Amino acid sequence: MRTKEKIIIYQIFTRLFGNTEGRCVQNGDITQNGCGKMDDITRQALHEIKDLGATHVWYTGLIAHATQTDYSAYGIPKNHPSVVKGKAGSPYAITDYYNIDPDLAVHPEKRMDEFMRLLERTHECGLKFLMDFVPNHVARQYRSVSKPEGVKDLGEDDDITQAFSPDNNFYYIPGQRLEGEIDLHDEQAGEYVEMPAKATGNNRFDAWPNRDDWYETIKLNYGVDFIHNTGCHFDPIPDTWHKMLDILMFWAGKGIDGFRCDMAEMVPCEFWGWVIPQVKAQYPDIIFIAEVYNPNEYRNYIHNGHFDYLYDKVGLYDTLRAVTCGYQSATAITSCWQSIDDIKNHMLNFLENHDEQRIASDFFAGNAFKALPALIVSACMYTNPMMIYFGQELGERGMDSEGFSGRDGRTTIFDYWSVDSIRRWNNHGRFNNHLLNNKEKELRKFYKKLLNICRTEAAIKEGDFFDLMYVNLNGWQMNEHKQYAFLRKAGKEVLLIVVNFADMPVQIGINLPQHAFDYLQMTPSTSCAATDLLSDKEEKISFTPSRPTNLSLNSWSGKILKIKL
């Protein structure tokens with residue numbers, strides 16, 4: 001699938017984005033640490049995000065989820081703290097599929113109105129709106145108080161004496177209450193009792209989840225009998241399928257532009273193949289992005305599940321991270337595209353998201369600039385989407401010890417917190433560079449330059465790709481373990497893209513094979529003008545198979561040379 005628009009997704013963790021509290025305390029509640037609101041994502045903020053190069057915004061954590069904050073005054077049931085991770089709670093422990101999380105609203109009773117205004121602002125600023133769909137699991141105390149009239153709640157008609165029934169929405173452990181390594185007693189809330197216990201969201205089909213499990217969630221039943229191993233029961237269509245279709249239609253009907261589907265591979269592909277065409281029949285332009293980590297299932301979820309895009313995590317992300325950290329040779333990048341060449345335009349590239357450690361953290365590169373070569377490769381290899389995570393463009397380190405999440409190099413998804421770099425960029429709603437340091441300004445300028453190149457250059461957003469590494473192995477003019485080179489071409493526009501993963505400047509010579517000139521229909525030249533789109537500097541290069549193309553590269557850098565033939 002090709003598109004003349006290169007999709008650039010800017011992921012916002014909505015709860016944190018607008019929080020300007022500068023003195024957060026570890027494990028602090030919402031009154032101590034504050035919470036960002038949908039209204040904080042202003043037109044000015046969205047204008048700056050679009051100016052950065054984004055085409056889509058993924059608002060993470062919008063749907064109502066379990067929290068330790070008490071919203072019972074608004075008719076929202078309280079959650080027992082023993083089955084909530086962190087004071088704020090996991091955005092993937094859904095408590096009500098039909099409403100927005102009250103944390104995100106200035107006026108919780110008007111949270112859907114505030115959501116609609118955010119959707120309207122996003123579209124007015126020329127951006128498309130993506131949100132999560134969480135199909136695999138819900139919070140332990142799921143109960144929708146906002147479901148439309150005539151809709152039955154999940155589990156409402158379940159036969160809880162049956163461990164598995166295709167008509168049930170949940171899996172049960174009859175005769176056993178929830179136990180495990182979790183402390184189910186709270187001084188104020190008392191004992192949390194779940195009888196019979198329900199299966200845990202990460203496919204734990206007993207009553208004893210531990211701290212490393214997704215113990216705050218329960219697994220949804222799509223007709224796969226994990227209990228008795230009797231296979232799949234998809235005819236007649238399981239009740240859960242119909243309920244999930246209704247939820248997708250509900251949000252699609254609001255006018256959103258796409259869903260990022262959490263842990264999509266833990267839900268049978270047959271469900272996606274059934275539900276996505278029905279949603280697209282009514283909303284043909286809506287896109288579906290799947291979080292899938294098993295390469296053996298990629299083609300199944302694309303061709304049979306009808307997903308538009310899948311995470312390229314275990315391939316390109318893992319490889320670029322290893323190359324950046326010096327654990328792997330840059331030659332490994334070639335095998336990444338070779339393994340998914342037939343589906344490459346369906347893959348979503350990224351270097352950060354809410355699940356991964358920050359580039360600048362001590363657990364990854366320790367310095368955001370070290371990953372610029374990886375960023376160039378990730379953003380420029382194909383026509384497929386590229387995603388960045390809020391604060392990535394500022395070198396956010398993710399090294400706070402916020403609370404439940406601990407000091408792990410990630411920006412917390414469980415706690416009330418404020419993100420330092422984003423707070424300073426926010427600058428009291430101005431969203432400018434005035435409070436950023438010079439390194440942050442330099443990094444953001446680079447991201448803006450690169451992402452807009454991807455958005456505007458035909459050779460990147462719709463052109464062909466040609467890997468140059470096979471003619472540059474074991475050579476004395478280029479270190480194939482630290483440099484990577486490829487071509488992009490559309491029409492008469494040619495880009496030579498070269499990156500240097502080394503921590504020192506290099507002078508290299510790149511061999512260009514005759515096959516590249518034949519395949520891409522390029523005319524050789526012993527001396528031609530080339531403009532580096534990243535620096536806007538022009539240089540004379542050799543662009544011919546008869547002699548190497550000599551270039552100089554700074555440490556942790558790259559060039560995107562637009563060739564004028």
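Keep in mind that this is a model prediction, so the values were computed, not measured.
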**Request:** Please indicate whether Lys441 has more than 12 foreign heavy atoms, meaning atoms of other residues, nucleotides or ligands, lying under 6.0 Å from its NZ.
**Result:** yes
**Request:** Answer yes or no: are there more than 12 heavy-atom neighbours, outside Lys313 itself, under 6.0 Å from its atom NZ?
**Result:** yes
Pair [X] + [Y]: basic N to acidic O under 4.0 Å:
X: Lys344; Y: Asp341; answer: yes
X: Arg260; Y: Glu291; answer: yes
X: Asp400; Y: Arg407; answer: no
X: Lys280; Y: Asp308; answer: yes
X: Asp355; Y: Arg410; answer: no

**Request:** Please name the residue in the list Gln357, Gln11, Arg358 that meets the side chain to side chain donor-acceptor pair (under 3.5 Å) test with Glu352.
**Result:** Arg358
**Asked** Testing Arg23, Glu21, Arg423 for side chain to side chain donor-acceptor pair (under 3.5 Å) with Ser418, which one passes?
**Response** Arg423
Do [X] and [Y] have side-chain heavy atoms sitting under 4.5 Å apart?
X: Cys380; Y: Cys454; value: yes
X: Lys489; Y: Glu493; value: no
X: Asn33; Y: Trp417; value: yes
X: Pro548; Y: Ile510; value: no
X: Leu512; Y: Leu468; value: yes
X: Tyr447; Y: Gln392; value: yes
X: Asp257; Y: Ile286; value: no

Do you see a donor-acceptor pair shorter than 3.5 Å between the side chains of [X] and [Y]?
X: Ser401; Y: Gln26; answer: yes
X: Asp132; Y: Tyr92; answer: yes
X: Tyr59; Y: Thr122; answer: yes
X: Asn452; Y: Arg455; answer: yes
X: Ser329; Y: Thr331; answer: yes
X: Trp425; Y: Asn433; answer: no
X: Ser335; Y: Gln338; answer: no
X: His434; Y: Asn427; answer: no
X: Asn554; Y: Asn500; answer: no
X: Arg299; Y: His346; answer: no
X: Thr334; Y: Asp467; answer: yes
X: Thr383; Y: Asn345; answer: yes
X: Glu396; Y: Ser421; answer: yes

**Message:** Tell me which one of Arg444, Lys439, Lys445 satisfies side chain to side chain contact (heavy atoms under 4.5 Å, CB included) with Glu442.
**Reply:**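 The single option meeting the side chain to side chain contact (heavy atoms under 4.5 Å, CB included) with Glu442 is Lys439.
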Tell me if a side-chain donor or acceptor on [X] pairs with a main-chain N or O of [Y] at a distance below 3.5 Å.
X: Asn349; Y: Ala379; value: no
X: Thr42; Y: Ala45; value: yes
X: Asp312; Y: Met347; value: no
X: Thr14; Y: Thr60; value: yes
X: Asn353; Y: Tyr389; value: no
X: Ser552; Y: Gln507; value: no
X: Lys540; Y: Ala530; value: no
X: Lys562; Y: Glu457; value: no
X: Lys559; Y: Ile497; value: no
X: Arg121; Y: Ile41; value: yes

Are the aromatic rings of [X] and [Y] close, with centres under 6.0 Å apart?
X: Tyr298; Y: His303; answer: no
X: Trp214; Y: His137; answer: yes
X: Trp251; Y: Phe133; answer: no
X: Phe390; Y: Tyr10; answer: no
X: Tyr484; Y: Phe501; answer: no

**Result of checking Phe465, Trp337, Phe486 against Tyr382 for ring-ring contact (aromatic ring centres under 6.0 Å, His included)** =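 It is Phe465; the other options fail the test.
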**Message:** Does Leu534 form a side-chain contact (heavy atoms from CB on, under 4.5 Å) with Phe446? I'd like the steps, not just the answer.
**Reply:** CA-CA 8 Å; Leu534 291 170; Phe446 184 92; 4.2 Å; yes
Measuring from atom [atom1] of [X] to atom [atom2] of [Y], what distance do you get when rounded to the nearest 0.5 angstrom?
X: His428; Y: Leu435; atom1: NE2; atom2: CG; answer: 6.5 Å
X: Ser555; Y: Lys482; atom1: OG; atom2: NZ; answer: 12.0 Å
X: Thr549; Y: Asn472; atom1: OG1; atom2: CG; answer: 9.0 Å
X: Leu533; Y: Lys449; atom1: CG; atom2: NZ; answer: 7.5 Å

**Ring geometry between Tyr519 and Phe466 (parallel below 30°, tilted from 30 to 60°, perpendicular above 60°)** = tilted
**Request:** Evaluate side-chain contact (heavy atoms from CB on, under 4.5 Å) for Leu372 paired with Ser557, printing each intermediate quantity in order.
**Result:** CA-CA 6 Å; Leu372 294 187; Ser557 74; over 6 Å; no
Least distance between heavy atoms, [X] atom then [Y] atom:
X: Leu451; Y: Gly53; value: CB-CA, 4.1 Å
X: Phe307; Y: Cys261; value: CE2-SG, 3.8 Å
X: Thr319; Y: Ile333; value: CG2-N, 4.0 Å

**Request:** Show your reasoning for whether side-chain contact (heavy atoms from CB on, under 4.5 Å) applies to Leu561 and Thr531.
**Result:** CA-CA 5 Å; Leu561 292 169; Thr531 302; over 6 Å; no
**Prompt:** Could you walk me through whether Thr544 and Ser542 pass the side-chain hydrogen bond (donor to acceptor under 3.5 Å, both in side chains) check?
**Reply:** CA-CA 6 Å; Thr544 172; Ser542 167; 5.5 Å; no
